[in-house]
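Everything on this sheet refers to the single structure shown next.
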2 protein chains.
Amino acid sequence: MFGRGARIDAVDELDRAILRELQSDARRTNRDVAAAVGVSPSTALERTRALRRRGVIRGALLDVDLGAMGRPVQALVSVRIRPPSRAVIEEFRDWAQGLPETLGVFVTTGTADFVLHVAVPDNDRLYAFVIDRLTQHTAVADVRTSVVFEHLRTTRVDPVAQD
Amino acid sequence: MFGRGARIDAVDELDRAILRELQSDARRTNRDVAAAVGVSPSTALERTRALRRRGVIRGALLDVDLGAMGRPVQALVSVRIRPPSRAVIEEFRDWAQGLPETLGVFVTTGTADFVLHVAVPDNDRLYAFVIDRLTQHTAVADVRTSVVFEHLRTTRVDPVAQD
DNA sequence: GGTGAAACACGTCCGAG
DNA sequence: CTCGGACGTGTTTCACC
């Protein structure tokens, strides 16, 4: 599930400031971050480690250019599966997650049980992914594909006060 | 658009290996990466810099726990806008991208012009986002909301041969 | 908690192959 | 293109506040 990080012992102003800095670039040096938020490097280091220990920071992801990786075509593929039982959902989820075309898997409510975010080299491969790969899974009952012209990601999540 | 990184001068085996290592953790030290792929630190450093210069590596994103940030409820919100002209699309895209609830914006084909990936503290705030915030924008013609139970991201994009 | 200083590790540059 | 080594910067620990 979300990994809702258990009950968190409040993220204070200093933590928020550190998170802001690291969200702008996860490779900022600890010295930089410390200077930007106005504390000593040792303090910034201890806070950052604590955020990691508490699970607020889960890691640092490399942001790669999908076009440069030879996969300029993105799509959102809505999938309905049958039956939508736990066993089938979890099996399909893990299977879809492991496909090389897959960037992400959303497990959803609504008309679709899953929305797959995929990136492929061209339209032919997108079509092949949908009609060959997906339909080869016996649980797939329905598929709707939307091509993604553009995908913007927010690089800044502001913490909201707990409870 | 995608930022398809101009024509790339082929990502060779060493580049691929470096990308694999960094995708597992964007904060791996250069020395670590060098040891893992079997070259000297100076070679690994030069390769990594070249990947950055060529736009293959765009940066490093902090992976935060949305639950720990006080925003455990995620949704995909499909939005149809009217008229779907360039000016209106770009204006809506930038507006949506700037909302604090927004994690990402997909510009798509199909029944929806946009799919917004959002994270909020609870269901009430999700409802408020849809019926207060979104409908306040005059271009919004239709909205469909799917709650996201789970979102898995792939942390590994394999490069595909170019052309 | 927060801090500065010292010990250590790392990123970086460069001359050479 | 790759390498090793020298040098400056960053990280980490720890005794003190």
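Within the 4.5 Å cutoff, no side-chain heavy atoms of A:T108 are placed close to those of B:E150. Two residues are said to be in side-chain contact when any heavy atoms from C-beta on lie closer than 4.5 Å; B:R153 and B:D63 meet this criterion. The shortest distance between side-chain heavy atoms of A:R80 and A:T111 does not fall below 4.5 Å.
Using a 30° and 60° split on the angle between ring planes, B:F106 and A:H117 fall in the perpendicular class, above 60°.
Residues passing the side chain to side chain donor-acceptor pair (under 3.5 Å) test with B:D142: none are found, sequence neighbours excluded. In this view, B:T109 and A:S146, A:V147, A:F149 satisfy the side-chain contact (heavy atoms from CB on, under 4.5 Å) rule, not counting sequence neighbours.
Comment: A:D122 does not engage A:R71 in a salt bridge, judged by the lack of any side-chain N to carboxylate O separation of less than 4.0 angstrom. Salt bridge annotation for A:D15-A:R54: present, with a cationic side-chain nitrogen under 4.0 angstrom from a carboxylate oxygen.
Pairs engaging residues 124-135 of chain A under the side-chain hydrogen bond (donor to acceptor under 3.5 Å, both in side chains) rule: A:E101-A:R133 [sequence neighbours left out].
Between B:E46 atom CD and C:dT12 atom C1' the separation is 11 Å, expressed in whole Å. Per the geometry, CD1 belonging to A:I18 stands 8 Å off P belonging to C:dG2, to the nearest Å. As rounded to whole Å, 16 Å separates atom C1' of C:dG11 from atom CZ of B:R28.
Regarding contacts with the backbone of D:dT2, every side-chain N or O of B:T43 stays at 4.0 angstrom or more from both OP1 and OP2.
An angle of 30°, rounded to 10°, separates the two end axes of the helix from C:dG1-D:dC17 to C:dG17-D:dC1, each defined over five pairs.
In this structure, A:R47 reaches the sugar-phosphate backbone alone: every heavy-atom distance under 4.0 Å involves primed, P, OP1 or OP2 atoms, never a base.
The number of heavy-atom neighbours closer than 6.0 Å to CZ of B:R16, taken from other residues, nucleotides and ligands shown, is above 12.
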Check nucleotides 13-17 of chain C for protein N or O atoms closer than 3.5 Å to its own N or O atoms and list the pairs.
unit_1: C:dC13; atom_1: OP2; unit_2: B:R49; atom_2: NH1; d: 2.9
unit_1: C:dC13; atom_1: OP2; unit_2: B:R49; atom_2: NH2; d: 2.6

Distances under 3.5 Å between nitrogen or oxygen atoms of protein and nucleotides 6-10 of chain C:
none

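Comparing A:R27 and A:S40, the nucleotide of DNA chain C nearest to each residue sits closer to the 5' end for A:S40.
With ring centers used as reference points, A:F92 lies under 6.0 Å from A:F114.
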